[in-house]
Amino acid sequence: MCGRYSLIIGMEQLVIRFGIGRVETELVPRYNVAPTQVMPVVVGQEGNRELRMMQWGLVPFWAKDRTIGNRLINARMETVAEKPAFKYALRQRRCIVPADGYYEWQKTGAGKQALRIVRPDREVFGLAGLWEQWQDPAGDLLFTYTILTTSPTAPVKHIHDRMPLVLNPEQEDFWLYGLQGTTPAEVGSFIKNLWSPPELTSYPVSNLVNNPRNDNPLCIAPA
DNA sequence: CCAGACGTTGTT
DNA sequence: GTCTGG
DNA sequence: CCAGACGTTGTT
DNA sequence: GTCTGG
């Protein structure tokens, strides 16, 4: 699965990598991104890509309160088209979540070992995501996102039984725009067609990353 | 009909 | 908003 | 994902 | 054990 990640690269690189037209905010390097935190996601608007800041943990537009977002940090690719919490966002509000590594915790005899998963070339990932807009009782808008998960590929199969849905760059436009003009019945095959196995590698890191309050280069240092 | 849930992970 | 369960 | 709280009363 | 917050 994907419950913690990093985004260290700067805005300039991000803008180039994802072809962002307009930038909303400054970015600081993040070594330990946890659910509920506000991070940039890439959204498409009429052929133009835009970076928007949103909170990790999807709050569906119909939710009565925002705490549901704590539990909706991931969406299973296999069922996302049917789940009430995700189906509307899947049709209307897809996004790409930039991350240059994500973390998994592997059970060991002594407890848990944190691992960081990256690309072999250390390039940034584009993770398939969904976003939502929710209105709180006071009328303020909350923008949130979630990350899709799928079956693990060979390099990470031994670590965990899920992994985030990593888009290859040539699949990113399809993810953002490929649903235009399709019927609800076609959404399922859309999901299956967009994925191909990414290259991944992993290494152990310090358990300092366990605590979300730790957000510094030690989180990505090989243990 | 209305009421109540709406999710993932991992672990058992 | 929509679906399931009672 | 992990860490940390998990409660009431009354007073500041 | 379970929920909330980061």
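In what follows, chains are A, B, ... by sequence order, proteins preceding strands, each numbered from 1.
- In this structure, the CG atom of A/L72 is 12 Å from the C1' atom of B/dA5, given to the nearest Å.
- When heavy atoms are screened at a 4.0 angstrom cut-off, A/T79 is found touching the sugar-phosphate backbone but no base atom.
- Interatomic distance, CG of A/L141 versus CH2 of A/W134, reported as 10.5 Å (0.5 Å rounding).
- Regarding A/R4, its CZ atom lies at a distance of 16 Å from the P atom of E/dG5, rounded to whole Å.
- Using a 4.5 Å cut-off on side-chain heavy atoms (C-beta onward), A/Y102 and A/M163 make contact.
- Among the atoms of the strands shown, only primed sugar atoms or phosphate atoms (P, OP1, OP2) are found under 4.0 Å from some heavy atom of A/F61.
- Between B/dT9, B/dT8, E/dT4, one nucleotide has an atom nearer to the side chain of A/T67 than all others, and that is E/dT4.
- The distance from atom CD of A/Q106 to atom C1' of B/dT11 is 16 Å, rounded to the nearest whole Å.
- With sequence neighbours excluded, the residues satisfying side chain to side chain donor-acceptor pair (under 3.5 Å) with A/R17 are A/E172.
- Between A/K112 and the phosphate of D/dC2, there is a side-chain N or O to OP1/OP2 separation shorter than 4.0 Å.
- Comparing the same atom, P, in B/dC2 and in E/dG6 gives a spacing of 39 Å after rounding to whole Å.
- In the hydrophobic clustering (ILVMFWY side chains linked at under 4.5 Å, chained through shared members), A/L218 is joined by A/L208.
- If you measure from atom CZ of A/F86 to atom P of C/dC3, you get 17 Å, rounded to the nearest angstrom.
- Between A/E78 and A/R162, at least one side-chain nitrogen of the basic residue sits less than 4.0 Å from a carboxylate oxygen of the acidic one, meeting the salt-bridge criterion.
- Closest approach to the A/R213 side chain among B/dT9, C/dG1, D/dG4 is made by D/dG4 (side chain taken as heavy atoms from C-beta onward).
- Within the 4.0 angstrom heavy-atom criterion, only backbone atoms of the sugar-phosphate kind lie near A/W105; the bases stay farther away.
- Across all strands shown, A/L58 has no heavy atoms under 4.0 Å from either base or sugar-phosphate atoms.
- Counting to the nearest Å, the C1' atom of D/dC2 and the CG atom of A/L208 are 13 Å from each other.
- Partner assigned to B/dA5 is C/dT2, using Watson-Crick or G-U wobble distances below 3.5 angstrom.
- Counting only heavy atoms from C-beta on, A/P212 has its side chain closest to D/dC2 among B/dT9, D/dC2, C/dG1.
- The separation of D/dC1 from B/dT9, taken at their C1' atoms, amounts to 9 Å, rounded to a whole angstrom.
- Within residues 29-40 of chain A, the residues that have a heavy atom under 4.0 Å from DNA chain E are, in order of number, A/A34, A/P35, A/T36, A/Q37.
- A/C95 and A/W131 get closest at one heavy-atom pair: CB-CD1, 3.8 Å.
- Nearest to the side-chain atoms of A/P84 among the listed nucleotides C/dG1, C/dC3, B/dT11 stands C/dG1.
- Here, B/dC6 and E/dT2 have their P atoms 15 Å apart, quoted to the whole Å.
- With hydrogens and angles left out, the side-chain atoms of A/R66 and A/Q55 include no donor and acceptor closer than 3.5 Å.
- Regarding A/E82, its CD atom lies at a distance of 22 Å from the P atom of B/dA5, rounded to whole Å.
- Distance A/Y102 OH to B/dT9 C1': 14 Å, rounded to the nearest Å.
- The CH2 atom of A/W56 sits 12.5 Å away from atom CG of A/L72, with the distance rounded to the nearest 0.5 Å.
- In this structure, the OH atom of A/Y103 is 20 Å from the C1' atom of B/dT9, given to the nearest Å.
- Within 4.0 Å of A/N70, counting heavy atoms only, lies at least one base atom of the nucleic acid.
- Note on A/K83: every side-chain N or O is 4.0 Å or more away from OP1 and OP2 of C/dT2.
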